[in-house]
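Sharing a structure with you now.
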Amino acid sequence: EKMFTLKPGRLPQADVKNIIFFVRPKLELMDIITDNVLREDRGRSPQRDFHILFVPRRSLLCEQWLKEQGVLGSFIHREQYSLDLIPFDGDLLSMESESAFKECYLESDQTSLYHAAKGLMTLQALYGTIPQIFGKGECARHVANMMIRMKREFPGSQNSIFPVFDTLLLLDRNVDLLTPLATQLTYEGLIDEIYGIQNTYVKLPPEKFAPKKQGEGGKDLPTEPKKLQLNSAEELYAEIRDKNFNAVGSVLSKKAKIISAAFEERHHAKTVGEIKQFVSQLPHMQAARSSLANHTSIAELIKDITSEYSLNSLTNLNITRCETTWWTSFSLAKIASEDFFDNLTVEQEFMSGIDTDKVNNYIEDCIAQKHPLIKILRLVCLQSVCNSGLKQKVLDHYKREILQTYGYEHILTLNNLEKAGLLKPQTSGRNNYPTIRKTLRLWMDDVNEQNPNDISYVYSGYAPLSVRLAQLLARPGWRSIEEVLKMLPGPHFEERQQLPTGLQKKRQHGENRVTLVFFLGGVTYAEIAALRFLSQMEDGGTEYVIATTKLINGTSWIKSLMEKLEPAPF
Amino acid sequence: LFLRDIVDDDDDDDLERVSWSGEPVGSISWSIKETASSSTSSLEGRDSGLQKGSSSYAALPKQVSSYSLSSLFKGELCLSLSALSDTGVKNYAPELRRPKAEYKDYSSDWSPKDTVRRMQRGKVCSLERFRSLQDKLVLLDEAVAGHDGNVITAVLIFLKRTLRREILFRELEVRQVALCHLIHFLKEAGEQKLLLDLLRFLDRTEEVALSQYREHLNIQDVEKRREFLKGCIGLPFSAEDTSHIQDHYTLLERQIIIEANDRHLETAGQSEVFRKYPRKASILNMPLVTTLFYSCFYHYTEAEGTFSSPTNLKKTFKIPDKQYVLTALAARAKLRAWDDVDALFTTKNWLGYTKKKAPIGFHRVVEILQRNNAPVQVLQEYVRLVEDVETRLNLATKYKCHDVVIETYKDLKDRIQLTAYKCKVERGSAEEEKINSILNNMQIRWKN
């Protein structure tokens, strides 16, 4: 009857006979459930029955835990609800498994890969067997093996559906550790970086969304954050979400003009018919106007934090300072936007290969000023990845400064980062990154943010490595980058799955192939934007659908690798 | 008792659920009915033909197969891949609906392979019949080959219970996947002792060390934690990490002493600095740099011999000059102790002359001083020391350090700027006079 969020303490009052816990099989959640069950008033009448539904699968560990807490018997039904891949948008599926990366790469626990394979089998049952599977990475290899084995074990699962997908591309996250560390610069990417998008919802500071009512002196400012849903059902959002943030402003102002003009039409409507037509359009126009208002506010919020960061203004800034007359003051204080700019500058230096082998001054300054630890970790990991590992002296220096400033207990996190390959010493003595960067053209100097012609616009110069691999697979194929592929971790492979005769379809001339790209370990909105860019390219030849274990950004990703430092509540 | 009898058919309007195409998702029983009815329709193989260029992929067809994507979302096709082997006639109820009896395993002669298969489908299986080591190992290998983490864990729990530890460890050493699963399980379940034994057996010494060190987070009592950390020092960490653990112990040891002393000082009420700036929190378990700041704040003048003196901290933990100066500066600036700040940067050379230098740029010093509202006279001293001329001018102008501006323009021989600056100083002030006298100085060879 009602749905409540799981919280410790007593269960809320509700006049129902049955209570169903609908949870992921995580031990922390089991503790909360135990608390709920134990606090239930046994004397109340009517008594309530408990049931538990695990998503996507039951977990022996969890049931064992409940047994040890003495509450397992309280559940009349213990079942599972096989929800593997959740649709987030028309071209996006996610398992929303936060711990997948940590489990696969740190703990060698491949359960989430098993779920991924299951999800893919379900997709194939619905959309037809995928004839071609490409992959790069250890986990990719496992998933492909599991898919093939699962197909073998259920021989009757051949169906007579024309395949919707031509190709499946499985990619390990650790083939491209760089991309999630960099700050995303698309509209949606920046919203996620700054505010965090949860299940297509974002919570924003409410000040800019307060409705301007006449007569109110602004005293009743809302205190609750403004919650907005973001998906492609909203026309305007679909148009701007994947654009570089610098290109959003002009779209918004154009839209404003169109909407104003549309509302002006009411003055021109003369006949009853025309008025009727105007009125029928009104809801749509009002929706468009409210959508525009929301996104204008969001864009302002982002702008306040990032300010005009165009790359070209790097040199302009110096000139301006010299020429400014002395009675125009400009600030040298570290305001948020300048720090964003400095941070971005350092990121871009690393990604273009500059000074990745020395201790970086900006990072040191940030540590000295005790900026948030995750920000520091993102930067040092970025430097390490762009240098194929840091020189021992540099690594030790950073580690010492971090431990002295943030606490020695962070040794555990640093150890995790090393295990994941993000922050490690340079073992082979040689740096492969420049070769990879040059061969795959990861750094593009002449990026056009307004009218991009290449995927590098999503990071204003850096083309996501993962998406480049997808791009090159489609055309001209991975044979052309054999050498570089060998420098990236894990095997690369190709598998073919038999289609029953008659289903092998030949694409018409001009018809696009459809490739499903599955990121094992997480994907960022910027990468999604880049793949959508490729999909809509003229003569691109391929359209992409994206699947992943989790939608991530650099912050949430690093956070999932940090040791939980608060002691357990029990 | 079927779940669908519990869930009410119609009363789902309050729930907000998202489905693939935006349609409201019905209750579980509704979905069961839907599957039952749609499964009888024949499977048509229609070409999907995706629309090119549509920004949203809402065009992905639902009608291609007899299963709609909304049913995917409802979790219909659970584990019942076996259902696909039948033709479209059968009623594909989700696993939820199977009678409980089906879950129980009454037969006693399932092979290891089949047992694993059944476990993968969520059926409860008794593993007790696998008595011999041989059987158990075959079962484990089958579980691993099946890739299902849940099943692997289940088998491992069984083996953990029924095998001697040495044998279990020995067998797992050559089974990497199972080994990783067990380690993960032991970590999750908090079975620290067994975990450490296992890691030691595998000679994964660094992991043993880190795993043990991690436990300190669960110790709330400070003394006990100190003892524990002391015990960690001898563990087989890497060389670098060993020194960090050593530092951690030493730091906590010092903090305990400082905390005890300072609490005493505070309650005694004799010390001025403690009276004026009562402590907001204890220093226990704070990072090193925070401790240094605290020490520079409350114990700045103490000789090196005491545990709470900043110089002692610097020496013991080999804190680099840069970090030390920055921290001391921040603390003294906060206390508005400008003389102390001065002393920080003053060094006497062998001739007895003093000169100012800093391991950090002076613009940083200015920044920190300004943030603490240092008076202009103090600020001015340090702005003057900023090396980069442009930065110096910017800062001086911003913070109204007129003398510095004037001197700099004089050095730059920039008459135009100096003249322009006149409007920034007060009429009739000493600064204005200064500007005028410089402008009238015939000996200066102005560049403009």
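Not measured: the values here are computed from a predicted model. Below, read A as the first sequence line, B as the second, and so on, with proteins coming before strands; counting in each chain starts at 1.
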**Fill in**
Okay, B:A330 and chain A: the region with an atom under 4.5 Å from a heavy atom over there is neither
**Complete:** Cut-off 4.5 Å, heavy atoms of chain B, and the answer for A:E68 is neither
**Prompt:** Is any NZ, NE, NH1 or NH2 atom of the basic residue among B:K187 and A:E107 found under 4.0 Å from an Asp or Glu carboxylate oxygen of the other?
**Reply:** no
**Message:** Which atoms of B:I368 are under 4.5 Å from chain A, going by heavy atoms: the side chain, the backbone, both sets, or neither?
**Reply:**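 For B:I368, there is no contact with chain A at all, as no heavy atom is under 4.5 Å.
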**Which portion of A:R149 sits near chain B, non-hydrogen atoms under 4.5 angstrom** =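 Contact with chain B: side chain only.
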**Prompt:** Is a salt bridge present between B:R214 and A:E563, judged by a nitrogen-to-oxygen distance below 4.0 Å?
**Reply:**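 Judged by the 4.0 Å cut-off on N to carboxylate O distance, B:R214 and A:E563 do form a salt bridge.
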**Item:** Spatial distance of atom CG (A:D109) from atom CG (B:L182) [nearest 0.5 Å]
**Value:** 12.0 Å
**Message:** Could you tell me if the side chain of A:I411 sits less than 4.5 Å from the side chain of B:I245, heavy atoms only?
**Reply:**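 Yes, at least one pair of side-chain atoms sits under 4.5 Å.
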**Item:** Gap separating the NE2 atom of B:H184 from the OG1 atom of A:T111, nearest 0.5 angstrom
**Value:**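 Rounded to the nearest 0.5 Å, the NE2-OG1 separation comes out at 8.0 Å.
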**Message:** Counting only non-hydrogen atoms closer than 4.5 Å, does A:E401 touch chain B with its backbone (N, CA, C, O), its side chain (CB onward), both, or neither?
**Reply:** neither
**Asked** Of the non-hydrogen atoms in B:P287 and A:G407, which two are nearest, and what is the gap between them?
**Response**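 B:P287 and A:G407 have their closest heavy atoms at CB-N, 3.5 Å.
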**Under 4.5 Å from any heavy atom of chain A - which part of B:H181** =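 For B:H181, the contact with chain A is made by the side chain alone.
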**Message:** For B:L326 and A:Q369: C-alpha separation, side-chain torsions, deciding distance, then whether side-chain contact (heavy atoms from CB on, under 4.5 Å) applies.
**Reply:** CA-CA 9 Å; B:L326 259 172; A:Q369 292 169 45; over 6 Å; no
**Prompt:** Would the number of heavy atoms belonging to other residues, nucleotides or ligands and lying under 6.0 Å from CD of A:E235 be above 12?
**Reply:** no
**Item:** Per-residue contact mode, A:H115 against chain B (heavy atom under 4.5 angstrom)
**Value:**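 Contact with chain B is absent: no heavy atom of A:H115 under 4.5 Å.
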**Prompt:** About how many Å separate CD of A:Q404 and CG of B:D247, when rounded to the nearest 0.5 Å?
**Reply:**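 Result: 7.0 Å between the selected atoms.
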**Asked** Taking the side chain as C-beta and beyond, is there a heavy-atom pair between B:S243 and A:R400 under 4.5 Å?
**Response**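 With C-beta onward as the side chain, the pair touches.
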**Prompt:** Are any of the side-chain heavy atoms of A:L412 and B:L210 separated by less than 4.5 Å?
**Reply:** yes
**Test item: B:Q323 and A:E364 side chains (from C-beta on) under 4.5 Å apart, heavy atoms** = no
**Request:** Please round to the nearest 0.5 Å and tell me the distance separating atom CD of B:E206 and atom CG of A:N415.
**Result:** 7.0 Å
**Prompt:** chain B: which of A:Q110, A:E409, A:E103 shares the most heavy-atom pairs with it under 4.5 Å?
**Reply:** A:E409
**Prompt:** Side chain, backbone, both or neither: which part of B:I183 has a heavy atom under 4.5 Å from chain A?
**Reply:** neither
**Test item: B:V289 and A:K370 side chains (from C-beta on) under 4.5 Å apart, heavy atoms** = no
**Fill in**
Turns out that what part of B:L179 lies under 4.5 Å from chain A's heavy atoms comes down to neither
**Asked** In terms of heavy-atom pairs under 4.5 Å with chain B, which of A:S108, A:A368, A:S112 leads?
**Response**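 Option with the top pair count is A:S108.
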**Request:** Please name the residue in the list B:H216, B:H244, B:Q246 that meets the side-chain contact (heavy atoms from CB on, under 4.5 Å) test with A:Y408.
**Result:**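 Result for side-chain contact (heavy atoms from CB on, under 4.5 Å) with A:Y408: B:H244.
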**Message:** Report which part of B:F237 has an atom under 4.5 Å of a heavy atom belonging to chain A: side chain, backbone, both, or neither.
**Reply:**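 Contact with chain A is absent: no heavy atom of B:F237 under 4.5 Å.
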